[in-house]
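Treat the numbers as computed from the prediction; the structure is a model and nothing was measured. Convention: sequence-line order gives letters A, B, ...; per-chain numbering from 1.
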Amino acid sequence: MKEPRRASREGRVFGALALLTVVVGGEAAWAQDFAYNPPGVLVSGSGRGRADETVYVPGMRYPIEESPSFANSQVWGVGGSQGPSGSQCDARNFSYPWSDNYCESRQWDMPLCPSGTGHQGQDIRAATCEDARWWAVAAEDGSITNIGSYSVTLMGASGTKHRYLHMDAGTLAVRVGQQVRRGDRMGKVSNEFGGTPTSIHLHYDLFQTVQGVGGVYVPPYLSLVESYEELVGQEAVPCAELPPDGGTLDNAGPCARFYGPPATWREVTGQGNEGSLRWTYAWTNEAPGNWARFSLYLVEGGEYEVAVNVIPEFATSQQTPYKVRAGGQERDVRVNLTTDAQDGWLVLGRFAFAAGGDQWVDVYDNSGETSAQQRRVMADALRLTRVRPQPDPEPEPDLPEEPEEDAAQDTGAPDVPDDENNADNNGQNNNGVNNGQNNADNNGPNNNGQNNADNNDPNSANNDGSNNADDGRDNNSSPNNANVNNNSDEGDNSGDNNGDNGAGGAGAPKRFEESCASLPGAARGPSGLWLAALALGWVLRRARR
Amino acid sequence: MRPPRSFFWRIAPCLAVWVVGCEATTPSAPPTGQAQAPLAAEVQHDLELKRASAPATSFEVKLDRARIERERAAVELPEGLKAQVEGCPLPVLMPSDPGLRRSAVLTRGDGWHALSMNHGGVNVALHALGKGFVRPGLVAELGQDAPLPADKPRISQDHLIYSAAFERFGVSYVLELECAKPSEDPRCQREDELLSLYRSLILVGGAR
């Protein structure tokens with residue numbers, strides 16, 4: 001099953017490149033790429049999900065005829081009784097990523113849900129908020145076994161009972177006893193609920209008999225994911241990919257998820273990275289009340305420095321707990337947010353990330369500080385910066401041929417700051433490495449985070465946190481720090497290229513560079529190519545004559 | 001049309017260089033300064049989820065024939081339905097309410113049957129499942145709570161449709177009650193009506 005997926009991916013990448021050549025700067029084209037939250041990750045505050053990776057009905061047909069379609073919560077979505085205020089037709093309800101709501105809070109028995117109760121199935125919205133426009137279709141071959149006032153039941157050939165709720169009664173294309181084929185139209189998605197209004201959606205659930213368990217509603221989420229991928233011809237994408245040198249994830253982006261009561265995650269606009277941030281009060285409790293997760297998907301594995309953006313007004317907790325999952329390891333880190341007096345990035349440490357997903361950074365509100373203290377935990381943005389190993393100091397092969405230039409490089413002005421930077425960087429690196437390694441070991445004497453975690457003494461926490469904060473500023477905010485990573489060959493080259501392009505950014509070459517650079521990920525080419533092109537054109541024209 | 005061709009020849013190398021230049025530079029690493037730029041969901045990639053296709057195995061229920069013979073009741077059924085019921089390989093349960101029984105439509109498949117009944121503003125569905133799925137992981141996960149207690153239904157409700165999952169004669173049944181006007185009908189406000197229906201179920205045939 002892996003091979004077809006890989007082939008499909010190649011196809012998608014090809015398609016993507018083809019699209020890029022047509023849609024210059026077409027980031028918007030990616031906005032509708034299918035993405036979904038993992039099974040068991042429910043909307044913030046809507047209950048405890050079941051992280052079940054089983055596809056209970058493999059090979060089934062997605063139960064809505066056309067894409068796009070959006071599996072998410074009605075109750076906790078925009079306009080829902082427990083969700084943000086707004087219209088059920090709000091664009092946020094009709095966007096990716098999907099969210100599982102099989103175990104969403106209900107009061108009735110659901111033995112497979114962590115709380116013992118749940119929602120039985122999955123709510124699904126069709127492409128648009130229009131009533132009775134989009135067809136629901138048979139998920140597999142089978143028979144229609146029951147039609148109620150707002151439900152239709154399909155008994156599938158697999159032995160699974162599929163139930164569809166809220167289709168428009170006037171559009172039903174099936175009757176009890178009718179045999180249907182996979183994909184046959186059954187009725188149109190509506191808000192039918194026996195005279196009681198609900199949002200326009202399809203509630204879809206699966207019921208199976210499991211040996212030793214009996215009849216149970218089984219999680220439909222990944223069966224829906226798989227069938228939807230087949231429908232759209234595209235496998236799901238992660239919320240974002242972090243390129244090899246790292247990147248920044250913002251609280252407003254698709255990789256940030258906020259949990260716990262939404263009302264106590266305060267949102268502030270006009271400040272913070274990308275113009276918004278969230279904060280909540282710290283408190284003392286065994287489990288967090290509010291917490292946030294930044295999900296990470298890295299193109300390339302390696303060591304990365306992890307930092308969070310803090311603004312003093314909203315970051316007053318002195319022992320904020322973070323948890324970093326990197327490369328299959330989870331590490332606790334505690335940070336004093338107040339030690340950074342200015343807006344800036346606070347380093348959590350260095351971590352060895354693997355390529356791919358299932359990696360994240362969490363921040364929790366249960367810092368151990370009392371509610372009366374009114375300390376604030378902030379979740380704004382997360383930054384990963386690649387830490388590349390220092391290159392071996394091998395002499396360049398051209399050294400003997402150009403002694404004067406080398407001498408100039410060794411003693412000239414540009415090297416002075418480099419040396420300074422290197423000196424600083426060594427120190428900073430040591431700090432950073434110590435933080436990271438000690439966090440990994442959870443017992444090192446220099447482990448600022450762990451010391452904070454172990455010591456409940458606020459003074460101790462303060463001291464340790466201050467060290468962390470200092471490390472964070474030095475490592476991230478200063479220009480010197482940018483050169484830390486540039487000590488590697490790749491970093492230097494990138495920087496040089498940038499400089500060249502900036503200097504050469506006038507006239508015709510600028511047009512060339514802009515057009516190329518407008519493609520995501522494209523580097524700017526040397527202007528010499530233009531000269532070559534003109535020369536080639538001249539030669540060709542001469543040859544034709 | 002010589003002028004256009006001439007123009008094309010003039011710009012063709014530039015276009016070629018533009019394309020080559022872009023293709024060549026696209027996969028390269030972004031400049032260091034870009035590392036701090038916000039990311040969009042701009043590149044597609046597989047999620048590393050360990051999806052498990054299932055089921056690998058299925059099972060067929062083992063009928064408790066002694067109990068079936070003991071509980072078989074002589075119930076009056078419409079002729080067409082009676083013949084269908086007798087042809088069912090699984091024992092057929094029906095509510096005692098004659099109105100519901102008269103409205104019943106029976107559908108059969110491989111290892112299952114279902115009754116759909118509409119009467120007096122309620123819709124009652126009763127599915128009998130004689131085949132199921134072997135999922136050792138679920139049994140292990142649920143432990144002692146895994147099996148349904150004998151003759152005690154697992155009651156659930158969503159969207160005011162009440163359902164009772166239970167086992168009888170070794171067969172897995174699920175009884176569902178849906179009201180035409182659920183928010184106004186007290187029968188769909190509490191589980192009582194469903195439990196009453198459940199208790200009224202009688203064995204009317206099948207499993208010969």
Side-chain angles (χ1 to χ4, degrees), chain A residues 9 12 27 30 53-55 58 108-109 120 143 145-146 148-149 151 155 159 165 176-177 194-196 208-215 222 235-241 243-248 250 254 274 356-358 491 494-495 498 516 519-523 525 529 533 536-537 540-541, chain B residues 9-10 13-14 17 21-22 25-26 28-32 35-36 38-54 59 105 107 109 112 114 116 123 125 127 129 131-135 138-139 142 146-148 154-159 165 167 172 174 178 180-183:
Chain A
R9 183 188 173 202
R12 284 185 286 112
E27 286 192 1
W30 305 115
E53 294 174 343
T54 305
V55 178
W108 293 93
D109 279 356
Q120 299 178 345
S143 302
T145 55
N146 185 58
S149 64
S151 74
M155 193 63 208
L165 305 187
V176 174
T196 305
Q208 292 184 342
T209 296
V210 177
Q211 189 177 44
V213 177
L222 278 189
E235 290 169 5
V237 297
C239 53
E241 280 188 333
D245 284 334
T248 302
D250 189 70
E274 298 268 304
D358 192 25
S494 299
N498 276 338
C516 277
L519 301 180
L529 281 174
L536 182 60
L540 285 171
R541 274 185 284 128
Chain B
W9 277 101
R10 199 169 294 157
C14 304
V17 169
C22 288
T25 54
T26 295
S28 65
T32 305
Q36 296 179 14
L39 292 173
E42 57 198 10
V43 182
Q44 302 177 41
H45 206 289
D46 291 343
L47 281 179
E48 295 295 326
L49 277 172
K50 303 181 291 293
R51 291 181 209 161
S53 289
F59 79 102
V105 177
T107 310
W112 61 267
S116 175
N123 167 257
H127 288 77
L129 308 176
K131 289 183 178 176
F133 302 88
V134 179
R135 302 190 187 283
L138 284 187
V139 178
L142 295 173
L148 273 169
R154 183 182 286 142
I155 305 292
S156 186
Q157 183 259 89
D158 201 67
H159 291 278
E167 279 189 27
S172 169
V174 56
E178 177 180 343
K181 300 276 184 191
S183 60

Requested in this report: Please examine the side chains of A:V176 and A:T145, heavy atoms only from C-beta on, and report whether any two atoms are closer than 4.5 Å.
Outcome: no
Query raised in the report: Hey, does A:Q211 have a side-chain heavy atom less than 4.5 Å from the side chain of B:R135?
Result: no
Requested in this report: Return yes if some donor-acceptor pair links the side-chain N/O of A:Q208 with the main-chain N/O of A:G159 below 3.5 Å, else return no.
Outcome: no
Query raised in the report: Picking from B:L142, B:T107, B:D158, which has the most non-hydrogen pairs under 4.5 angstrom with chain A?
Result: B:D158
Requested in this report: Could you pull out the closest heavy-atom pair between B:P182 and A:G194, with the gap in Å?
Outcome: CD-O, 3.4 Å
Requested in this report: Please look at B:Q157 and chain A and tell me whether the side chain, the backbone, both or neither of the residue comes under 4.5 angstrom of a heavy atom of that chain.
Outcome: both
Query - Test item: B:W112 and B:S172 side chains (from C-beta on) under 4.5 Å apart, heavy atoms - result: no
Report summary line: Okay, B:K181 and chain A: the region with an atom under 4.5 Å from a heavy atom over there is both
Report summary line: Bottom line for B:H127: the part with an atom under 4.5 Å from chain A's heavy atoms is side chain
Query raised in the report: Given the options B:S156, B:A165, B:S183, which has more heavy-atom pairs under 4.5 Å with chain A than any of the others?
Result: B:S156
